[in-house]
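Below, chain A is the first sequence line, B the second, and so on; all start at residue 1.
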Amino acid sequence: MKIFDTLSSAEKELDTSSIVRIYVCGVTVYDESHVGHARTIIVFDTLRRFLESQGTNMKFIQNFTDVDDKIIDRAKAENVSADTISTKYISSYFDGFDKLNVKRADSYPKATEHITEMIDLVKDLIDKDYAYVSKNGVYFAVSKFKEYGKLSKKKIDELVAGARVEVDETKRDPLDFALWKFVDDEPRWESPWGYGRPGWHIECSAMSLKYLGSNFEIHGGGRDLIFPHHENEIAQSECYSGENFAKIWMHVGMVTINGEKMSKSLGNTKSVDFVLSRWGPNIIRLFCLSGHYSKPIDYSEDMLKETITKWRQVENCYVELLHPIKDESPNRPESLDSKIVEPKIILYKKNFEDALKSDFNTSLALSSFFNIVNEVNNMAAHEFVTEHVSKLYLPEFKKMLEVLGLKIMEPIHEESVRIYELITKRNAFRAQKKYREADEIRQQLEHMGVILIDHKKRTLWIKQEKIGVGN
RNA sequence: GGUGAGGUGGCAGAGUGGUUAUGCGUUCGCCUGCAGAGCGAAUUUAUAGGGGUUCAAAUCCCUUCCUCACCUCCA
(Lines give C-alpha, C1' and ligand atoms only; values in the text may rest on other atoms or scores of the structure.)
Protein backbone atom coordinates (compact mmCIF):
# COMPACT_ATOMS: atom_id res chain seq x y z
CA MET A 1 0.00 0.00 0.00
CA LYS A 2 0.99 3.62 -0.44
CA ILE A 3 1.20 6.19 2.32
CA PHE A 4 2.03 9.86 2.02
CA ASP A 5 5.35 10.59 3.66
CA THR A 6 5.71 14.05 5.15
CA LEU A 7 9.48 13.98 4.83
CA SER A 8 9.65 13.37 1.10
CA SER A 9 6.26 15.04 0.43
CA ALA A 10 5.32 12.05 -1.69
CA GLU A 11 3.46 8.81 -1.46
CA LYS A 12 5.71 5.93 -0.57
CA GLU A 13 5.18 2.23 -0.93
CA LEU A 14 4.89 0.48 2.41
CA ASP A 15 6.78 -2.78 2.34
CA THR A 16 4.50 -5.36 3.93
CA SER A 17 6.57 -8.37 2.95
CA SER A 18 8.25 -8.45 6.34
CA ILE A 19 7.27 -7.10 9.73
CA VAL A 20 5.89 -3.56 9.66
CA ARG A 21 7.14 -1.54 12.61
CA ILE A 22 4.99 1.39 13.66
CA TYR A 23 5.66 3.97 16.33
CA VAL A 24 2.91 6.41 17.21
CA CYS A 25 3.48 9.39 19.47
CA GLY A 26 0.87 9.04 22.14
CA VAL A 27 -0.32 11.50 24.72
CA THR A 28 1.18 13.40 27.61
CA VAL A 29 -0.76 12.17 30.57
CA TYR A 30 -1.53 15.31 32.51
CA ASP A 31 -5.26 15.53 31.74
CA GLU A 32 -8.17 13.78 30.03
CA SER A 33 -7.75 12.91 26.36
CA HIS A 34 -9.99 14.66 23.85
CA VAL A 35 -11.42 13.97 20.38
CA GLY A 36 -8.29 15.36 18.78
CA HIS A 37 -6.22 12.65 20.42
CA ALA A 38 -8.93 10.15 19.63
CA ARG A 39 -8.78 10.89 15.94
CA THR A 40 -5.08 10.21 15.68
CA ILE A 41 -5.33 7.05 17.75
CA ILE A 42 -8.36 5.81 15.80
CA VAL A 43 -6.67 6.44 12.46
CA PHE A 44 -3.66 4.37 13.45
CA ASP A 45 -5.84 1.72 15.06
CA THR A 46 -7.76 1.39 11.81
CA LEU A 47 -4.55 1.29 9.80
CA ARG A 48 -3.35 -1.46 12.05
CA ARG A 49 -6.62 -3.38 11.71
CA PHE A 50 -6.44 -3.07 7.96
CA LEU A 51 -2.88 -4.34 7.79
CA GLU A 52 -3.85 -7.22 10.05
CA SER A 53 -6.76 -8.07 7.77
CA GLN A 54 -4.25 -8.25 4.93
CA GLY A 55 -2.19 -10.72 6.89
CA THR A 56 0.64 -8.29 7.55
CA ASN A 57 2.83 -8.85 10.58
CA MET A 58 3.56 -5.79 12.58
CA LYS A 59 4.92 -4.37 15.74
CA PHE A 60 2.91 -1.45 17.02
CA ILE A 61 4.33 0.79 19.71
CA GLN A 62 2.73 3.83 21.30
CA ASN A 63 4.33 5.82 24.08
CA PHE A 64 3.09 7.70 27.10
CA THR A 65 4.90 10.87 28.03
CA ASP A 66 4.78 10.65 31.79
CA VAL A 67 7.38 13.22 32.73
CA ASP A 68 6.72 16.76 31.65
CA ASP A 69 6.31 20.24 33.08
CA LYS A 70 2.56 20.12 32.76
CA ILE A 71 2.35 16.90 34.72
CA ILE A 72 4.54 18.37 37.40
CA ASP A 73 2.54 21.60 37.51
CA ARG A 74 -0.64 19.65 37.87
CA ALA A 75 0.86 17.50 40.60
CA LYS A 76 1.91 20.58 42.51
CA ALA A 77 -1.51 22.16 42.09
CA GLU A 78 -3.19 19.06 43.45
CA ASN A 79 -0.49 18.45 46.03
CA VAL A 80 0.21 14.92 44.88
CA SER A 81 3.15 13.23 43.19
CA ALA A 82 3.72 13.45 39.44
CA ASP A 83 3.39 9.70 39.40
CA THR A 84 -0.09 9.92 40.86
CA ILE A 85 -1.15 12.24 38.05
CA SER A 86 0.33 10.18 35.22
CA THR A 87 -1.01 6.92 36.62
CA LYS A 88 -4.46 8.40 36.91
CA TYR A 89 -4.56 9.67 33.35
CA ILE A 90 -3.03 6.54 31.89
CA SER A 91 -5.80 4.54 33.43
CA SER A 92 -8.34 7.05 32.18
CA TYR A 93 -6.75 6.82 28.73
CA PHE A 94 -7.28 3.08 28.62
CA ASP A 95 -10.83 3.40 29.92
CA GLY A 96 -11.73 5.70 27.07
CA PHE A 97 -9.84 4.05 24.26
CA ASP A 98 -10.92 0.55 25.19
CA LYS A 99 -14.48 1.80 24.89
CA LEU A 100 -13.60 3.32 21.53
CA ASN A 101 -12.72 -0.23 20.51
CA VAL A 102 -9.08 0.67 19.98
CA LYS A 103 -6.90 -2.41 20.04
CA ARG A 104 -4.08 -2.34 22.51
CA ALA A 105 -0.65 -1.62 21.08
CA ASP A 106 2.06 -4.24 21.51
CA SER A 107 3.62 -2.03 24.10
CA TYR A 108 3.07 1.37 25.74
CA PRO A 109 6.53 2.40 26.87
CA LYS A 110 6.76 5.24 29.35
CA ALA A 111 9.44 7.88 29.47
CA THR A 112 10.15 7.37 33.17
CA GLU A 113 10.93 3.72 32.56
CA HIS A 114 13.58 4.49 29.98
CA ILE A 115 15.82 6.99 31.70
CA THR A 116 18.87 4.75 31.30
CA GLU A 117 18.34 4.43 27.57
CA MET A 118 17.94 8.17 27.25
CA ILE A 119 21.11 8.85 29.22
CA ASP A 120 23.04 6.45 27.01
CA LEU A 121 21.74 8.22 23.96
CA VAL A 122 22.69 11.63 25.30
CA LYS A 123 26.13 10.35 26.29
CA ASP A 124 26.71 9.17 22.78
CA LEU A 125 25.57 12.46 21.28
CA ILE A 126 28.02 14.33 23.52
CA ASP A 127 30.82 11.92 22.52
CA LYS A 128 30.06 12.55 18.88
CA ASP A 129 30.03 16.28 19.54
CA TYR A 130 26.38 16.73 18.54
CA ALA A 131 25.50 17.81 22.05
CA TYR A 132 27.10 19.86 24.79
CA VAL A 133 26.73 20.34 28.51
CA SER A 134 25.75 23.80 29.56
CA LYS A 135 24.74 25.54 32.75
CA ASN A 136 21.08 24.49 32.66
CA GLY A 137 21.35 21.17 30.96
CA VAL A 138 22.55 19.18 28.01
CA TYR A 139 21.62 20.60 24.63
CA PHE A 140 21.56 19.31 21.11
CA ALA A 141 23.56 21.57 18.79
CA VAL A 142 21.21 22.04 15.89
CA SER A 143 23.88 23.55 13.66
CA LYS A 144 25.82 20.29 13.78
CA PHE A 145 23.07 18.43 11.98
CA LYS A 146 23.14 19.66 8.44
CA GLU A 147 19.75 18.23 7.58
CA TYR A 148 17.93 19.94 10.44
CA GLY A 149 14.57 21.22 9.17
CA LYS A 150 14.15 18.57 6.49
CA LEU A 151 10.88 17.26 7.89
CA SER A 152 9.14 20.54 8.59
CA LYS A 153 10.73 22.21 5.55
CA LYS A 154 12.18 24.95 7.67
CA LYS A 155 15.38 26.84 7.11
CA ILE A 156 17.53 27.25 10.18
CA ASP A 157 18.18 30.96 9.60
CA GLU A 158 14.48 31.63 9.10
CA LEU A 159 13.71 29.93 12.37
CA VAL A 160 16.20 32.15 14.15
CA ALA A 161 14.74 35.19 12.46
CA GLY A 162 11.31 34.07 13.67
CA ALA A 163 12.77 34.70 17.12
CA ARG A 164 9.82 33.22 18.90
CA VAL A 165 12.26 30.77 20.37
CA GLU A 166 13.06 31.26 23.99
CA VAL A 167 16.14 33.34 24.58
CA ASP A 168 18.50 31.46 26.79
CA GLU A 169 22.03 32.77 27.14
CA THR A 170 23.31 29.42 28.33
CA LYS A 171 22.61 27.89 24.91
CA ARG A 172 25.10 28.27 22.10
CA ASP A 173 22.30 28.76 19.64
CA PRO A 174 18.72 29.74 20.36
CA LEU A 175 17.49 26.77 18.32
CA ASP A 176 19.38 24.22 20.39
CA PHE A 177 16.97 22.09 22.36
CA ALA A 178 17.30 20.33 25.68
CA LEU A 179 18.19 16.67 25.88
CA TRP A 180 18.55 16.79 29.64
CA LYS A 181 17.47 19.54 32.00
CA PHE A 182 19.07 20.15 35.37
CA VAL A 183 16.44 20.53 38.08
CA ASP A 184 16.33 20.66 41.84
CA ASP A 185 12.83 19.38 42.46
CA GLU A 186 11.31 15.94 42.05
CA PRO A 187 10.92 14.02 39.90
CA ARG A 188 14.56 13.90 38.89
CA TRP A 189 17.19 11.32 38.10
CA GLU A 190 20.90 11.05 38.45
CA SER A 191 22.99 11.44 35.32
CA PRO A 192 26.70 11.84 34.49
CA TRP A 193 26.04 15.58 34.23
CA GLY A 194 23.98 16.05 37.34
CA TYR A 195 20.46 15.50 38.61
CA GLY A 196 17.76 16.32 36.16
CA ARG A 197 14.96 15.34 33.85
CA PRO A 198 14.98 14.29 30.22
CA GLY A 199 13.97 16.77 27.52
CA TRP A 200 10.72 16.11 25.74
CA HIS A 201 11.92 14.66 22.45
CA ILE A 202 14.60 12.27 23.62
CA GLU A 203 12.14 9.71 24.99
CA CYS A 204 10.69 8.92 21.58
CA SER A 205 14.13 8.50 20.07
CA ALA A 206 15.24 6.20 22.87
CA MET A 207 12.06 4.14 23.00
CA SER A 208 11.51 3.77 19.28
CA LEU A 209 15.13 2.70 18.79
CA LYS A 210 14.86 0.28 21.66
CA TYR A 211 11.64 -1.38 20.57
CA LEU A 212 11.81 -1.01 16.80
CA GLY A 213 15.42 -0.30 15.89
CA SER A 214 16.58 2.08 13.21
CA ASN A 215 14.82 2.80 9.96
CA PHE A 216 11.47 1.41 11.00
CA GLU A 217 8.49 1.59 8.66
CA ILE A 218 6.09 4.20 10.00
CA HIS A 219 6.42 6.97 12.52
CA GLY A 220 3.12 8.65 13.19
CA GLY A 221 1.37 11.29 15.18
CA GLY A 222 -0.65 14.46 14.88
CA ARG A 223 0.34 17.14 12.39
CA ASP A 224 1.19 19.50 15.20
CA LEU A 225 4.09 17.26 16.17
CA ILE A 226 5.99 17.81 12.93
CA PHE A 227 7.78 20.75 14.44
CA PRO A 228 9.58 20.76 16.73
CA HIS A 229 8.96 17.28 18.15
CA HIS A 230 9.51 15.04 15.14
CA GLU A 231 12.14 17.31 13.65
CA ASN A 232 14.14 17.04 16.84
CA GLU A 233 13.61 13.30 17.07
CA ILE A 234 15.12 12.92 13.61
CA ALA A 235 18.12 15.04 14.54
CA GLN A 236 18.85 13.10 17.72
CA SER A 237 18.17 9.67 16.33
CA GLU A 238 20.02 10.01 13.07
CA CYS A 239 23.06 11.59 14.69
CA TYR A 240 23.06 8.76 17.18
CA SER A 241 22.53 5.82 14.84
CA GLY A 242 24.03 7.24 11.68
CA GLU A 243 21.08 5.66 9.93
CA ASN A 244 17.75 6.81 8.61
CA PHE A 245 15.28 7.06 11.50
CA ALA A 246 11.95 6.14 9.92
CA LYS A 247 10.87 5.30 6.39
CA ILE A 248 7.47 6.95 6.39
CA TRP A 249 6.27 9.90 8.44
CA MET A 250 2.50 9.78 8.63
CA HIS A 251 0.72 12.78 10.12
CA VAL A 252 -2.93 13.05 11.05
CA GLY A 253 -4.81 16.31 10.60
CA MET A 254 -6.29 18.28 13.45
CA VAL A 255 -9.81 18.08 14.75
CA THR A 256 -11.25 21.55 14.63
CA ILE A 257 -14.31 23.00 16.25
CA ASN A 258 -15.93 25.93 14.48
CA GLY A 259 -12.95 25.82 12.18
CA GLU A 260 -10.42 26.24 14.97
CA LYS A 261 -8.00 23.68 16.23
CA MET A 262 -9.23 21.81 19.26
CA SER A 263 -6.67 22.25 21.98
CA LYS A 264 -6.24 22.63 25.68
CA SER A 265 -4.82 26.11 25.35
CA LEU A 266 -7.87 27.34 23.45
CA GLY A 267 -10.14 25.62 25.94
CA ASN A 268 -12.38 24.21 23.22
CA THR A 269 -11.82 20.51 23.75
CA LYS A 270 -14.38 17.76 23.93
CA SER A 271 -13.11 14.98 26.13
CA VAL A 272 -13.19 11.35 25.10
CA ASP A 273 -15.37 10.70 28.09
CA PHE A 274 -17.84 13.34 26.98
CA VAL A 275 -18.07 12.25 23.37
CA LEU A 276 -18.45 8.63 24.42
CA SER A 277 -21.44 9.49 26.55
CA ARG A 278 -22.83 11.83 23.91
CA TRP A 279 -22.26 9.75 20.77
CA GLY A 280 -20.84 6.37 21.65
CA PRO A 281 -17.85 4.63 20.10
CA ASN A 282 -19.20 3.81 16.64
CA ILE A 283 -20.33 7.31 15.81
CA ILE A 284 -17.00 8.71 16.94
CA ARG A 285 -15.07 6.20 14.88
CA LEU A 286 -17.18 6.80 11.78
CA PHE A 287 -16.79 10.51 12.26
CA CYS A 288 -13.01 10.29 12.65
CA LEU A 289 -12.75 8.17 9.50
CA SER A 290 -15.17 10.21 7.44
CA GLY A 291 -12.50 12.42 5.91
CA HIS A 292 -8.98 11.81 4.69
CA TYR A 293 -6.71 11.42 7.70
CA SER A 294 -4.32 14.13 6.58
CA LYS A 295 -6.95 16.85 6.43
CA PRO A 296 -8.66 18.60 9.29
CA ILE A 297 -12.17 17.55 10.29
CA ASP A 298 -14.61 19.81 12.04
CA TYR A 299 -16.43 18.58 15.10
CA SER A 300 -20.04 19.68 14.90
CA GLU A 301 -23.29 18.43 16.35
CA ASP A 302 -24.89 18.38 12.91
CA MET A 303 -22.17 16.19 11.43
CA LEU A 304 -22.36 13.74 14.26
CA LYS A 305 -26.13 13.63 14.13
CA GLU A 306 -25.88 12.71 10.46
CA THR A 307 -23.52 9.97 11.41
CA ILE A 308 -26.18 8.50 13.71
CA THR A 309 -28.48 8.07 10.71
CA LYS A 310 -25.77 6.18 8.91
CA TRP A 311 -25.11 4.00 11.91
CA ARG A 312 -28.80 3.12 12.17
CA GLN A 313 -28.62 1.91 8.59
CA VAL A 314 -25.64 -0.24 9.46
CA GLU A 315 -27.54 -1.78 12.36
CA ASN A 316 -30.52 -2.37 10.10
CA CYS A 317 -28.35 -4.04 7.48
CA TYR A 318 -26.78 -6.31 10.04
CA VAL A 319 -30.09 -7.54 11.43
CA GLU A 320 -31.41 -8.24 7.96
CA LEU A 321 -28.32 -10.22 7.03
CA LEU A 322 -28.46 -12.10 10.28
CA HIS A 323 -32.05 -13.18 9.73
CA PRO A 324 -32.47 -13.95 6.06
CA ILE A 325 -35.68 -15.41 4.75
CA LYS A 326 -35.85 -19.05 3.78
CA ASP A 327 -34.41 -19.52 0.39
CA GLU A 328 -37.29 -21.34 -1.24
CA SER A 329 -38.81 -18.69 -3.41
CA PRO A 330 -38.99 -20.03 -6.95
CA ASN A 331 -39.47 -16.55 -8.38
CA ARG A 332 -36.27 -15.13 -7.03
CA PRO A 333 -35.18 -12.37 -9.39
CA GLU A 334 -32.29 -13.11 -11.66
CA SER A 335 -30.40 -10.18 -10.22
CA LEU A 336 -29.89 -12.22 -7.06
CA ASP A 337 -28.09 -15.06 -8.79
CA SER A 338 -24.60 -15.77 -7.54
CA LYS A 339 -23.39 -15.00 -11.01
CA ILE A 340 -24.53 -11.40 -10.57
CA VAL A 341 -24.09 -10.93 -6.83
CA GLU A 342 -20.67 -12.45 -6.31
CA PRO A 343 -18.78 -10.21 -8.71
CA LYS A 344 -20.52 -7.21 -7.17
CA ILE A 345 -19.36 -8.11 -3.70
CA ILE A 346 -15.88 -8.83 -4.96
CA LEU A 347 -15.90 -5.36 -6.50
CA TYR A 348 -17.00 -3.67 -3.25
CA LYS A 349 -14.33 -5.54 -1.37
CA LYS A 350 -11.74 -4.55 -3.93
CA ASN A 351 -12.81 -0.91 -3.89
CA PHE A 352 -12.70 -0.91 -0.12
CA GLU A 353 -9.19 -2.32 -0.02
CA ASP A 354 -7.91 -0.27 -2.92
CA ALA A 355 -9.10 2.89 -1.23
CA LEU A 356 -7.23 2.04 1.93
CA LYS A 357 -4.16 1.01 -0.01
CA SER A 358 -4.15 4.39 -1.68
CA ASP A 359 -2.87 6.57 1.15
CA PHE A 360 -5.40 5.13 3.53
CA ASN A 361 -8.42 6.82 2.04
CA THR A 362 -10.99 5.87 4.66
CA SER A 363 -13.56 8.24 3.23
CA LEU A 364 -13.54 6.40 -0.07
CA ALA A 365 -13.46 3.03 1.68
CA LEU A 366 -16.54 4.01 3.66
CA SER A 367 -18.43 4.66 0.46
CA SER A 368 -17.88 1.03 -0.55
CA PHE A 369 -18.99 -0.09 2.85
CA PHE A 370 -22.16 1.96 2.54
CA ASN A 371 -22.73 0.57 -0.92
CA ILE A 372 -23.17 -2.78 0.73
CA VAL A 373 -25.29 -1.39 3.54
CA ASN A 374 -27.63 0.44 1.23
CA GLU A 375 -27.88 -2.41 -1.20
CA VAL A 376 -28.79 -4.87 1.53
CA ASN A 377 -31.37 -2.53 3.02
CA ASN A 378 -32.87 -2.06 -0.40
CA MET A 379 -33.12 -5.81 -0.91
CA ALA A 380 -34.57 -6.18 2.56
CA ALA A 381 -37.35 -3.76 1.70
CA HIS A 382 -38.21 -5.97 -1.23
CA GLU A 383 -38.02 -9.15 0.85
CA PHE A 384 -35.03 -10.32 -1.13
CA VAL A 385 -32.52 -10.95 1.65
CA THR A 386 -32.52 -14.68 1.37
CA GLU A 387 -30.14 -17.14 3.00
CA HIS A 388 -28.35 -17.27 -0.28
CA VAL A 389 -27.88 -13.49 -0.38
CA SER A 390 -26.90 -13.30 3.25
CA LYS A 391 -24.27 -15.97 2.83
CA LEU A 392 -22.66 -13.81 0.18
CA TYR A 393 -22.90 -10.43 1.87
CA LEU A 394 -22.52 -11.12 5.56
CA PRO A 395 -18.88 -12.25 5.63
CA GLU A 396 -17.69 -9.21 3.69
CA PHE A 397 -19.84 -6.87 5.75
CA LYS A 398 -18.39 -8.30 8.95
CA LYS A 399 -14.83 -8.02 7.70
CA MET A 400 -15.32 -4.36 6.89
CA LEU A 401 -16.83 -3.73 10.30
CA GLU A 402 -13.81 -5.37 11.87
CA VAL A 403 -11.36 -3.27 9.87
CA LEU A 404 -13.24 -0.10 10.71
CA GLY A 405 -13.37 -1.12 14.35
CA LEU A 406 -17.14 -0.82 14.49
CA LYS A 407 -19.09 -3.02 16.82
CA ILE A 408 -22.78 -3.68 16.66
CA MET A 409 -24.47 -4.16 19.99
CA GLU A 410 -25.51 -7.71 20.74
CA PRO A 411 -28.52 -8.12 23.01
CA ILE A 412 -28.22 -10.34 26.03
CA HIS A 413 -30.10 -13.61 25.92
CA GLU A 414 -32.54 -12.90 28.74
CA GLU A 415 -33.55 -9.69 27.13
CA SER A 416 -34.04 -11.42 23.80
CA VAL A 417 -36.54 -13.79 25.32
CA ARG A 418 -38.56 -10.92 26.74
CA ILE A 419 -38.41 -9.04 23.44
CA TYR A 420 -39.58 -12.10 21.57
CA GLU A 421 -42.57 -12.44 23.88
CA LEU A 422 -43.56 -8.83 23.42
CA ILE A 423 -43.28 -9.08 19.65
CA THR A 424 -45.45 -12.17 19.60
CA LYS A 425 -48.03 -10.36 21.69
CA ARG A 426 -47.92 -7.32 19.45
CA ASN A 427 -48.34 -9.36 16.32
CA ALA A 428 -51.37 -11.03 17.85
CA PHE A 429 -52.90 -7.58 18.36
CA ARG A 430 -51.99 -6.59 14.84
CA ALA A 431 -53.67 -9.66 13.47
CA GLN A 432 -56.82 -8.53 15.29
CA LYS A 433 -56.31 -4.99 13.98
CA LYS A 434 -55.93 -3.78 17.54
CA TYR A 435 -53.36 -1.24 16.50
CA ARG A 436 -53.49 0.91 19.61
CA GLU A 437 -52.47 -1.99 21.79
CA ALA A 438 -49.88 -3.08 19.25
CA ASP A 439 -48.36 0.40 19.14
CA GLU A 440 -48.20 0.52 22.91
CA ILE A 441 -46.06 -2.57 22.88
CA ARG A 442 -43.87 -1.12 20.18
CA GLN A 443 -43.40 1.94 22.32
CA GLN A 444 -42.56 -0.17 25.31
CA LEU A 445 -39.89 -1.88 23.24
CA GLU A 446 -38.61 1.43 22.04
CA HIS A 447 -37.99 2.39 25.63
CA MET A 448 -35.85 -0.72 25.86
CA GLY A 449 -33.90 0.52 22.84
CA VAL A 450 -35.54 -1.96 20.52
CA ILE A 451 -36.74 -0.96 17.07
CA LEU A 452 -39.05 -3.24 15.10
CA ILE A 453 -38.88 -4.01 11.42
CA ASP A 454 -42.17 -5.36 10.12
CA HIS A 455 -41.76 -7.58 7.13
CA LYS A 456 -44.56 -9.29 5.28
CA LYS A 457 -44.42 -12.53 7.22
CA ARG A 458 -42.28 -11.75 10.23
CA THR A 459 -41.02 -9.01 12.48
CA LEU A 460 -37.32 -8.40 12.98
CA TRP A 461 -35.95 -6.28 15.75
CA ILE A 462 -32.85 -4.23 16.37
CA LYS A 463 -31.35 -3.61 19.74
CA GLN A 464 -30.11 -0.14 18.99
CA GLU A 465 -27.03 1.36 20.51
CA LYS A 466 -28.11 4.06 22.90
CA ILE A 467 -26.88 7.36 21.51
CA GLY A 468 -27.26 10.93 22.49
CA VAL A 469 -27.80 10.63 26.22
CA GLY A 470 -25.02 12.91 27.38
CA ASN A 471 -24.96 16.63 27.02
C1' G B 1 6.51 37.65 7.61
C1' G B 2 8.17 32.34 6.47
C1' U B 3 6.68 27.16 5.53
C1' G B 4 3.00 23.53 4.48
C1' A B 5 -2.00 21.92 3.28
C1' G B 6 -6.47 23.32 1.22
C1' G B 7 -10.90 26.11 -1.35
C1' U B 8 -15.78 20.75 -5.17
C1' G B 9 -23.67 20.79 -5.08
C1' G B 10 -27.88 23.11 0.83
C1' C B 11 -24.06 20.20 3.87
C1' A B 12 -20.04 16.42 4.35
C1' G B 13 -16.63 14.31 1.07
C1' A B 14 -13.95 11.36 -3.15
C1' G B 15 -11.94 12.11 -7.81
C1' U B 16 -5.01 14.50 -10.46
C1' G B 17 -7.07 15.47 -18.31
C1' G B 18 -12.28 12.74 -21.43
C1' U B 19 -18.51 7.94 -18.70
C1' U B 20 -20.78 14.75 -13.50
C1' A B 21 -18.16 8.81 -6.80
C1' U B 22 -20.61 8.26 -2.29
C1' G B 23 -23.41 9.81 1.72
C1' C B 24 -26.52 13.22 4.47
C1' G B 25 -30.30 17.10 4.34
C1' U B 26 -34.81 19.42 2.39
C1' U B 27 -39.59 19.15 -0.64
C1' C B 28 -43.23 16.22 -3.06
C1' G B 29 -45.07 11.43 -4.29
C1' C B 30 -45.09 5.95 -3.32
C1' C B 31 -44.73 1.67 0.00
C1' U B 32 -46.53 0.62 5.34
C1' G B 33 -52.64 -0.21 9.66
C1' C B 34 -48.98 3.51 11.46
C1' A B 35 -43.65 3.32 11.92
C1' G B 36 -38.56 1.64 10.69
C1' A B 37 -36.05 0.33 6.27
C1' G B 38 -36.86 1.21 1.15
C1' C B 39 -38.39 3.30 -3.86
C1' G B 40 -39.26 7.57 -7.44
C1' A B 41 -38.79 12.83 -8.63
C1' A B 42 -36.93 17.69 -7.50
C1' U B 43 -33.11 20.57 -5.02
C1' U B 44 -28.20 19.29 -8.80
C1' U B 45 -25.88 20.87 -16.19
C1' A B 46 -21.14 21.45 -8.04
C1' U B 47 -15.69 22.27 -8.97
C1' A B 48 -13.14 30.25 -5.14
C1' G B 49 -12.27 34.64 -9.17
C1' G B 50 -9.51 35.78 -13.69
C1' G B 51 -6.26 34.26 -17.60
C1' G B 52 -3.59 30.30 -20.29
C1' U B 53 -2.23 25.15 -22.41
C1' U B 54 -5.43 21.32 -24.82
C1' C B 55 -9.85 18.52 -29.54
C1' A B 56 -11.00 18.03 -24.10
C1' A B 57 -9.46 20.77 -17.29
C1' A B 58 -12.26 20.07 -10.83
C1' U B 59 -7.69 17.73 -12.56
C1' C B 60 -1.84 20.89 -15.92
C1' C B 61 0.44 26.26 -15.97
C1' C B 62 0.15 31.59 -14.42
C1' U B 63 -2.30 35.08 -11.35
C1' U B 64 -5.64 37.18 -7.60
C1' C B 65 -8.57 36.34 -3.34
C1' C B 66 -9.80 33.37 0.92
C1' U B 67 -9.25 29.41 4.89
C1' C B 68 -6.51 26.37 8.17
C1' A B 69 -2.11 24.48 10.48
C1' C B 70 3.01 25.04 11.97
C1' C B 71 7.02 28.61 13.08
C1' U B 72 5.90 28.36 21.67
C1' C B 73 3.39 23.35 24.77
C1' C B 74 0.20 20.43 21.64
C1' A B 75 -2.61 14.23 18.80
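Across all strands shown, A:N316 has heavy atoms under 4.0 Å from sugar-phosphate atoms exclusively, and none from any base. Residue A:K261 is in base contact, counting any heavy-atom pair closer than 4.0 Å across all strands shown. Counting non-hydrogen atoms under 4.0 angstrom, A:R74 reaches nothing in the nucleic acid. Residue A:H382 is in sugar-phosphate contact alone, with no base atom involved, counting any heavy-atom pair closer than 4.0 Å across all strands shown. Using a 4.0 Å heavy-atom cutoff across all strands shown, A:D439 reaches at least one base atom of the nucleic acid. Residue A:G220 is classed as having no contact, given no heavy-atom separation below 4.0 Å to the nucleic acid. Within the nucleic acid shown, A:K433 has no heavy atom closer than 4.0 Å to any nucleic acid atom. Among the protein residues, A:M262 comes within range of the nucleic acid bases, having at least one heavy atom under 4.0 Å from a base atom. Here A:V24 lies out of heavy-atom contact (under 4.0 Å) with every strand. At the heavy-atom level, A:I226 lies nowhere under 4.0 Å from the strands shown. Contacts of A:G221 with the nucleic acid, taken as non-hydrogen atoms under 4.0 Å apart, involve only primed sugar atoms and P, OP1 or OP2. A:Y435 comes within 4.0 angstrom of a nucleotide base, judged by non-hydrogen atoms across all strands. As judged by a 4.0 angstrom heavy-atom cut-off over every strand, A:R312 is placed among residues making no nucleic acid contact.
Judged by distance alone with a 3.5 Å cut-off, no donor-acceptor contact links the side chain of A:R223 to the base of B:G6. Counting distance only, with no hydrogens placed and no angle test, the side-chain atoms of A:R442 and the base atoms of B:A35 include a donor-acceptor pair under 3.5 Å. In terms of polar N and O atoms assigned as donor or acceptor, the side chain of A:N378 never comes within less than 3.5 Å of the base of B:C39 in a complementary pairing. Checked by distance alone, A:N374 brings no side-chain donor or acceptor within 3.5 Å of a matching partner on the base of B:G23.
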Any protein N or O atoms within reach of nucleotides 8-17 of chain B? Criterion: under 3.5 Å, listing atom names and distances.
from  : atom 1 : to     : atom 2 : distance (Å)
B:G13 : O2'    : A:S363 : OG     : 2.8
B:A14 : OP1    : A:H292 : N      : 2.9
B:A14 : O3'    : A:N361 : ND2    : 3.0
B:G15 : OP1    : A:N361 : ND2    : 3.1

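For B:C24, the OP1/OP2 oxygens have a side-chain nitrogen or oxygen of A:Q313 closer than 4.0 Å. One finds a side-chain N or O of A:T28 lying less than 4.0 angstrom from the OP1 or OP2 phosphate oxygen of B:A75.
Atom pair A:H34:NE2 and B:A75:P shows a separation of 6 Å (rounding to whole Å applied). The distance between atom CD of A:Q443 and atom P of B:C34, rounded to the nearest whole Å, is 17 Å. The CD1 atom of A:I372 sits 15 Å away from the P atom of B:U22 (whole-angstrom rounding).
Using a 4.0 Å cut-off between charged side-chain N and carboxylate O, A:R418 and A:E415 make no salt bridge. The existence of a salt bridge linking A:D173 and A:K144 is excluded, since no basic side-chain nitrogen approaches an acidic carboxylate oxygen closer than 4.0 Å.
Legend: residues meeting side-chain contact (heavy atoms from CB on, under 4.5 Å) with A:P281, ordered by chain and number and at least two apart, are A:L100, A:L276, A:E465. Partners of A:S263 according to the side-chain contact (heavy atoms from CB on, under 4.5 Å) rule, which considers only residues two or more places apart in sequence or in another chain, are A:K261, A:S265, A:L266.
In this structure, A:R104 is positioned above the aromatic face of A:F94, its NZ or CZ under 6.0 Å from the six-membered ring centre and within 45° of the axis. With A:Y30 as the aromatic partner, A:K264 meets the cation-pi criteria of under 6.0 angstrom to the ring centre and within 45 degrees of the ring axis. Geometrically, A:R48 engages A:F60 in a cation-pi contact, judged by NZ or CZ lying under 6.0 Å from the ring centre and within 45° of the ring axis.
Base pairing annotation: B:A41 forms a Watson-Crick or G-U wobble pair with B:U27, both donor-acceptor distances under 3.5 Å.
Using modelled atom types, one finds a donor on one side chain and an acceptor on the other under 3.5 Å when comparing A:E231 with A:S152.
Using P as the reference atom, B:U45 and B:C34 are 33 Å apart when rounded to the nearest Å.
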